[in-house]
Protein chains: 2
Amino acid sequence: MLRGNYPATVDDKGRVKIPADFLSELRRLGRKFYVTSVAGDHARIYPMKAWEEIERKLAKRSSYNPARQKFLARTNYYGQVVEMDGQGRILIPSILRESAEMKGDVDVQGNLTYLQVWNHARFLDQLNNNPVTAEDIQAFDELGA
Amino acid sequence: MLRGNYPATVDDKGRVKIPADFLSELRRLGRKFYVTSVAGDHARIYPMKAWEEIERKLAKRSSYNPARQKFLARTNYYGQVVEMDGQGRILIPSILRESAEMKGDVDVQGNLTYLQVWNHARFLDQLNNNPVTAEDIQAFDELGA
DNA sequence: ATGAAGTGGGCGGAAGTGGTCGACAATGTA
DNA sequence: TACATTGTCGACCACTTCCGCCCACTTCAT
């Protein structure tokens with residue numbers, strides 16, 4: 001399982017270093033990754049196996065299913081299969097880099113089965129614009145957290 | 001079970017000494033801990049087993065459940081898996097350290113299944129700004145306390 | 001006085017960063 | 001069509017920074 005936040009940087013070539021704590025787990029899952037996004041506001045890095053799992057589920061739906069069409073239209077647009085280099089870095093496709101404003105400071109976050117990469121400032125905005133409500137607190141409480 | 005309050009300090013490297021009274025119990029639960037926060041106002045140190053229990057509950061909810069999303073966005077952001085060093089100290093992730101103003105005097109508190117770490121002054125403010133209400137008293141009473 | 005608890009800090013190896021070089025594709029030119 | 005030119009990207013190399021690990025000292029309680 002992938003969890004936790006690690007500050008990182010996107011260099012001029014658009015590469016991000018995968019934090020060492022994720023490397024052993026990711027290397028275990030294979031060399032190839034699918035880097036994509038639905039909304040273009042942040043990048044998601046799926047180990048190929050995890051992405052294929054999603055594709056399997058998509059394939060079960062009719063090709064005229066609107067959700068399938070919208071999902072694929074977006075993930076195809078931003079998506080690209082990439083390999084990690086010898087230093088443990090992954091290249092973010094330039095379209096996605098522009099759209100998600102990823103240069104300089106970013107956050108790499110484990111999200112159980114995949115990684116998220118956010119422009120640091122943009123992620124903070126997200127947090128602030130989605131305040132925790134009283135109902136949320138109650139839901140958290142049910143988790144025992 | 002973890003209980004009681006212990007004054008401690010966060011050193012320049014961001015490490016907190018775990019009070020000796022907690023050590024035997026924590027060592028029994030494993031070497032790894034998940035250090036995180038929901039609101040960023042204080043740190044929580046979960047033994048990995050306890051955190052995985054929470055993740056199990058989260059996994060039962062839909063990934064589009066707002067509470068799940070908000071919870072994970074925050075705990076992923078502040079969170080990091082850390083190991084205790086040979087002297088019984090734990091490193092607080094720098095993002096969380098800044099956000100919760102943890103340098104110098106802090107309080108380490110047992111909270112049954114996890115530890116809380118508060119900036120000392122901030123914790124006192126919390127106490128003073130959240131007076132005990134009549135409803136609280138009633139809830140206390142139901143505990144038989 | 002002695003041992004346990006807590007604190008500070010040095011050091012080496014790992015992690016992270018920047019950049020060069022060469023292969024190859026894309027485009028332009030005779 | 002053959003060849004030159006340019007630009008991009010992957011692979012690799014070298015340097016710097018950081019932090020995990022360990023050692024040593026101080027403080028406190030009995």
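Lettering of chains follows the sequences in order, A, B, ..., and the numbering in each one begins at 1. Both backbone and side-chain heavy atoms feed into the values below; hydrogens, waters and symmetry mates do not.
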Side-chain donor-acceptor pair under 3.5 Å between A/E53 and A/W51, yes or no? no
For the pair made of NZ in B/K103 and C1' in C/dT7, what is the distance, rounded to whole Å? 18 Å
Counting the atoms with a prime plus P, OP1 and OP2 as sugar-phosphate, which does A/I18 contact under 4.0 Å by heavy atoms, base, sugar-phosphate, or nothing? sugar-phosphate
Polar atom pairs between nucleotides 2-4 of chain C and protein, under 3.5 Å, N or O only, would you list them?
none

Is the closest side-chain donor-acceptor distance between A/D107 and A/Y6 under 3.5 Å? no
Using a strict cut-off of less than 4.0 Å between a Lys/Arg side-chain nitrogen and an Asp/Glu carboxylate oxygen, indicate whether A/E142 and B/K57 qualify as a salt bridge. no
Which parts of residues 110-121 of chain B get close to DNA chain D, meaning a heavy atom less than 4.0 angstrom away? none
Rounded to whole Å, CG of B/D12 lies from C1' of C/dT7 at a distance of 11 Å
Do other residues, nucleotides or ligands put more than 12 heavy atoms under 6.0 Å from the CG atom of A/D12? no
May I have the distance from B/D105 (atom CG) to C/dT7 (atom P), rounded to whole angstrom? 10 Å
Whole angstrom value for the distance that separates P of D/dT27 from NZ of B/K17: 17 Å
Between B/T9 and C/dG6, does any side-chain N or O lie under 4.0 Å from OP1 or OP2? no
Polar side-chain atom of B/D11 near backbone of B/G14 as donor-acceptor pair, under 3.5 Å: yes
The ring-ring contact (aromatic ring centres under 6.0 Å, His included) partners of B/Y78 (sequence neighbours excluded) come to none
Could you tell me if A/Q109 and B/N76 have a donor-acceptor pair between their side chains, going purely by distance under 3.5 Å? no
Between C1' of D/dG20 and NZ of B/K32, the distance in whole Å: 13 Å
Residues in salt bridge (Lys or Arg N to Asp or Glu O under 4.0 Å) with A/R68, at least two apart? none
Heavy atoms of A/S37 and A/H42 approach each other most closely as OG-O, 2.8 Å
Mind calculating the distance between CG (A/D11) and P (C/dT20) to the nearest angstrom? 13 Å
Of all residues at least two apart in sequence or in a different chain, which pass the side-chain hydrogen bond (donor to acceptor under 3.5 Å, both in side chains) check with B/Q80? none
Report yes or no: do B/T133 and B/D136 form a side-chain donor-acceptor pair below 3.5 Å? yes
Which atom pairs link the protein and nucleotides 21-25 of chain D when you take only N or O atoms and keep those under 3.5 Å?
| unit_1 | atom_1 | unit_2 | atom_2 | d |
| --- | --- | --- | --- | --- |
| D/dC22 | N4 | B/Q87 | NE2 | 2.9 |
| D/dC22 | N4 | B/R89 | NH2 | 3.1 |
| D/dC23 | N4 | B/Q87 | OE1 | 3.4 |
| D/dC23 | N4 | B/Q87 | NE2 | 2.8 |

Output the rounded distance in Å from CD (B/Q80) to P (C/dA15). 14 Å
